[in-house]
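Residues take their numbers from the sequence shown, with the count starting at 1.
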Amino acid sequence: MDFEQLKNSWQNDKGNNSLDINLENREKFHFPLDKMKKNMKMELVSALFIFPIMLVVLLRIEDAYVRLLSVLLLLIAGMITGYYYFKFYKLYHKITHIDLGVFQNLVQLKYELQLNVELYKSYVVAF
């Protein structure tokens, strides 16, 4: 296809391919923020499921000193996880109640997402 043919087809196109989006069906849309919220919720549920299992496994250790040290390390890991998940919950709450129509809100959301990416990296290193 040469350039002239492309230019002619561009001029002949009337733009009838516009999408008709009904705002009443907004809950059927799949936004990237919704997927992120779903992943955040799943990670919290999995952490709440895994920590008690790890505690039960560590309490079955025979040596009292090793058991005490292991449980202490697990409690420290739980406190670190609780702190970071509280921060992530605040982001989750902001995502739920944000108005995406205003430019300032989008800039604020971008800042919050970048901040929480760095926070998540520090969580992984700390854990």
Open item on the list: If the condition is salt bridge (charged side-chain N to carboxylate O under 4.0 Å, His left out), which residues does Lys121 pass it with, not counting sequence neighbours?
Closed with: Glu118
TODO: Specify whether Tyr123 and Phe88 have parallel, tilted or perpendicular ring planes, treating 30° as the upper limit for parallel and 60° as the lower limit for perpendicular.
DONE: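 Tyr123 and Phe88: perpendicular rings.
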Would you mind writing out the side-chain donor-acceptor pairs for residues 56-80 within the sub-3.5 Å range, not counting sequence neighbours?
{"unit_1": "Arg67", "atom_1": "NE", "unit_2": "Ile61", "atom_2": "O", "d": "3.0"}
{"unit_1": "Arg67", "atom_1": "NH2", "unit_2": "Glu62", "atom_2": "O", "d": "3.4"}
{"unit_1": "Ser70", "atom_1": "OG", "unit_2": "Val66", "atom_2": "O", "d": "2.8"}

- [ ] Would you list the pairs meeting side-chain hydrogen bond (donor to acceptor under 3.5 Å, both in side chains) in which at least one residue belongs to residues 81-91, sequence neighbours left out?
- [x]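 Every side-chain hydrogen bond (donor to acceptor under 3.5 Å, both in side chains) pair that includes a residue of residues 81-91, provided the two are not neighbours, is Glu43-Tyr85, Tyr84-Ser122.
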TODO: Rounded to the nearest 0.5 Å, what's the gap from CD on Gln114 to CG on Leu119? Could you check?
DONE: 13.5 Å
- [ ] Would you check, one step at a time, whether the test side chain to side chain contact (heavy atoms under 4.5 Å, CB included) holds for Val124 with Tyr120?
- [x] CA-CA 6 Å; Val124 170; Tyr120 192 77; 3.9 Å; yes
Task: Hydrophobic cluster (4.5 angstrom, side-chain heavy atoms) - remaining members for Leu115 - done: Tyr111
